[in-house]
Amino acid sequence: MTSNQKVLTWLEEMKALTQPDNVVWIDGSEAQLDALRAEAVSTGELIKLNEEKLPGCYLHRTAENDVARVEDRTFICTTKKEDAGPTNNWMAPAEMYAMLKEIYNGSMKGRTMYVVPYIMGPASSPFSKVGIELTDSIYVVLNMNIMTRMGQIALDELGDGDFVKCLHAKCDVDPEKRYIVQFPEDNTIWSCNSAYGGNVLLGKKCFALRIASYMGYKEGWMAEHMLILGLTNPKGEKKYVAAAFPSACGKTNLAMLIPPASLGDYKVETVGDDIAWIRIGEDGRLWAINPEAGFFGVAPGTSEKTNFNALEATKKNTIFTNVALQDDGTVWWEGLTKEPPAHCIDWLGKEWTPESGTKAAHPNSRFTAPAVNCPCISDQFEAPKGVPLSAIIFGGRRAKSAPLVYQSFDWNHGVFVGATMASETTAAAAGAVGVVRRDPMAMRPFCGYNMADYFQHWIDMGHKSELTNPPKIFHVNWFRRDDEGNFMWPGFGDNLRVLNWILDRCDGKVDAAETPIGYVPKKEDLNVEGLDIDDKTLTELLAVDKDVWRAELPGIKEYFAQFGDRLPKGIQEQLDALEARLK
Ligand code: GTP
Ligand code: SPV
Ligand code: MN
């Protein structure tokens, strides 16, 4: 399928290491995929769902210990420890390779190795990049088929070029020997002892964020944990925004939102729901492509009411992971319907009824759905150069402190706003849920180099002379809670009201109130027509409490202190300026 000598030599090395019984090249043909689906069903790796109600759909259950990304076992292996920085786990590359080789040694005996060539980005795009993943998991092959452009098409794109070398082995799914390792200087990713999502679909977080962020740093572009959406207003004007929220904080939902009818004739189109590769275009604006071809979305909470478009996207050719199986061969998860089914099989494969007192679907259960299934997919989804960004939005889950929306004063302040992002942790990563932690630009788990250098790269990008028309930078928080713990903002489709204010600000069409943390909407400028929200709540949502923000400062300082001298001057200046404004 290829005469690329670099591919063939590497493959021989990896075969010698893992010793598979067979090697199968994935060409991407339906015939081959069908045979793999049938094989996975025959071994129980996949469960075929109701063909009438969910055509082409399958269910997969992972091991109970293997249900989310494992950040404490994820490493960035650069020659120098400082290049990985204090927010990443690090080990010297030689040492890591030696340790992992023992784990991989003979791990594919009795198994088949699949050679999965894939493209991140549209096939025709000059910004796309090729990877090859070697894996012993059919589940991974079938997911990669949805999430990337996979098969011969990728080898054709590759030609004699370079590629990201990805090796995945399930081994025994032993959590004590689980490692997700990036070697940015070698364009290499090694993952073992997992069979879950972001740990094993190596084109996604490992390549398109960790390796790509390092590439972007070296080459002058950016790889970000961002959705990309297009918004057309009733006048027919179309604008694009990108938004970075931490895992399970609303990217897929915002990317596919349904405009509330009461606002008039708006249209939202999805370009991407998780990752954006961003470059400066010839016209002096930032342009973004989505390197992925599908959505690996959070299932719980997805319903006809909250995210109609995502739900529609899952109705055919979708793989579900760790959701519940209904008696009629369809799927269920918490929040899909108001009333739970009287009986189903839970994500562990056990009998479940509403009386069980447990969750039927794992909180981080997911769907892998082809982007083409999405009713609101953008006609620019395959655009080789992507779409131009008017605004960049940061956001997180903050029960208190952060107002519904605010705008940064300028680029450097916007970078500071991103760099000081904090959010409550979610089920997307193993570990405690609901703990507030710093998550700069929603990239804490995904930055493939020193986070301080990443801040500097952000600052530098904003000041490149080619970037004559940079996007404005905002921060949002859909997750403010009242004293009873209820969400104060309706969220979901109503977030369009906030997007409208943001785009009006970009156009200079609307005024704002200046506060120490940035520009906040004047109450009368946020359209709340048709919304059941009282004046007091709205006031509170937009309020900036100086005392609360002053109390944030020590945490920010402590977080920045770990970067020592490497913290950019531009960031320190912003911190000093904020402190002065809060006096
Ligand atoms: P990853 O795929 O992990 O990167 O997550 P994501 O950022 O795409 O998050 P997603 O859109 O899947 O949302 C995660 C959870 O947040 C779901 O349970 C949603 O129902 C909930 N959520 C999303 N948007 C809103 C909102 O505006 N308000 C509230 N209250 N919840 C929301
Ligand atoms: C996330 O955790 O941000 C995800 C899911 O998008 S995963 O692919 O597992 O990283
Ligand atoms: Mn994500």
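Whatever order the structure lists ligands and atoms in, that order sets their numbers, starting from 1. No experiment lies behind these values; they were computed from the predicted model shown.
At least one cation-pi condition fails for Arg279 and Trp287: the charged atom is not both under 6.0 angstrom from the six-membered ring centre and inside a 45 degree cone around its axis. Taking the ring centre of Tyr519 as origin, the terminal cationic atom of Arg505 falls inside the region bounded by 6.0 Å and 45° from the ring axis. A cation-pi contact, defined as under 6.0 Å to the ring centre and within 45° of the axis, is absent between Arg210 and Phe446.
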**Request:** Test Arg73 against Asn199 for side-chain hydrogen bond (donor to acceptor under 3.5 Å, both in side chains), laying out the working first.
**Result:** CA-CA 10 Å; Arg73 310 196 67 90; Asn199 295 333; over 6 Å; no
**Check against ring-ring contact (aromatic ring centres under 6.0 Å, His included), Trp90 and Phe183** = CA-CA 10 Å; Trp90 176 89; Phe183 302 92; over 10 Å; no
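In this structure, a donor-acceptor pair under 3.5 Å is absent between the side chains of Trp347 and Ser365.
For residues 294-309, the pairs satisfying side chain to side chain donor-acceptor pair (under 3.5 Å) are Ser303-Thr306, with sequence neighbours left out.
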Write out each pair where an N or O from ligand 2 and one from the protein are under 3.5 Å apart, with the distance.
residue	atom	partner	partner atom	Å
ligand 2	2 (O)	Arg69	NE	2.9
ligand 2	2 (O)	Arg69	NH2	3.0
ligand 2	2 (O)	Ser247	OG	3.0
ligand 2	3 (O)	Lys205	NZ	2.6
ligand 2	3 (O)	His225	NE2	3.3
ligand 2	3 (O)	Ser247	OG	2.4
ligand 2	6 (O)	Lys205	NZ	2.5
ligand 2	6 (O)	Asp274	OD1	3.4
ligand 2	6 (O)	Asp274	OD2	3.4
ligand 2	8 (O)	Gly198	N	3.4
ligand 2	9 (O)	Gly198	N	3.0
ligand 2	10 (O)	Arg69	NE	3.0
ligand 2	10 (O)	Lys205	NZ	3.2

What short N/O contacts, under 3.5 Å, does ligand 1 make with the protein, listed by atom pair and distance?
residue	atom	partner	partner atom	Å
ligand 1	2 (O)	Arg366	NH1	2.7
ligand 1	3 (O)	Ala248	N	2.9
ligand 1	3 (O)	Arg366	NH1	3.4
ligand 1	3 (O)	Arg366	NH2	2.8
ligand 1	4 (O)	Lys251	NZ	2.8
ligand 1	4 (O)	Asp274	OD1	3.0
ligand 1	5 (O)	Ala248	N	2.7
ligand 1	7 (O)	Cys249	N	3.3
ligand 1	7 (O)	Gly250	N	3.1
ligand 1	7 (O)	Lys251	N	2.8
ligand 1	7 (O)	Lys251	NZ	2.8
ligand 1	8 (O)	Lys251	N	3.4
ligand 1	8 (O)	Thr252	N	2.8
ligand 1	8 (O)	Thr252	OG1	2.9
ligand 1	9 (O)	Cys249	N	3.4
ligand 1	9 (O)	Gly250	N	2.9
ligand 1	11 (O)	Lys251	N	3.4
ligand 1	11 (O)	Thr252	N	3.1
ligand 1	11 (O)	Asn253	N	2.9
ligand 1	11 (O)	Asn253	ND2	2.8
ligand 1	13 (O)	Gly250	N	3.4
ligand 1	13 (O)	Asn253	ND2	3.3
ligand 1	16 (O)	Arg397	NH2	3.1
ligand 1	18 (O)	Pro300	O	3.4
ligand 1	27 (O)	Phe492	N	2.9
ligand 1	27 (O)	Asn495	ND2	3.0

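Ionic pairing of Asp66 and Arg178 is present here: one or more N-O contacts between side-chain nitrogen and carboxylate oxygen are shorter than 4.0 angstrom. At a threshold of 4.0 Å, the pair Lys165-Glu133 does not count as salt-bridged, since none of the basic side-chain nitrogens sits closer than that to a carboxylate oxygen. A salt bridge does not link Arg398 to Glu424: none of the charged nitrogens lies less than 4.0 Å from a carboxylate oxygen. A salt bridge links Asp274 with Lys251: at least one charged nitrogen is closer than 4.0 Å to a carboxylate oxygen.
Each protein N, O or S atom less than 2.8 Å from the Mn ion (ligand 3) was counted, giving 3.
For the side chain to side chain donor-acceptor pair (under 3.5 Å) with Ser247, the qualifying choice from Arg444, Lys205, Arg69 is Arg69, the only one to do so.
Between the SG atom in Cys206 and the CG atom in Leu201 there is a gap of 9.0 Å [rounded to 0.5 Å].
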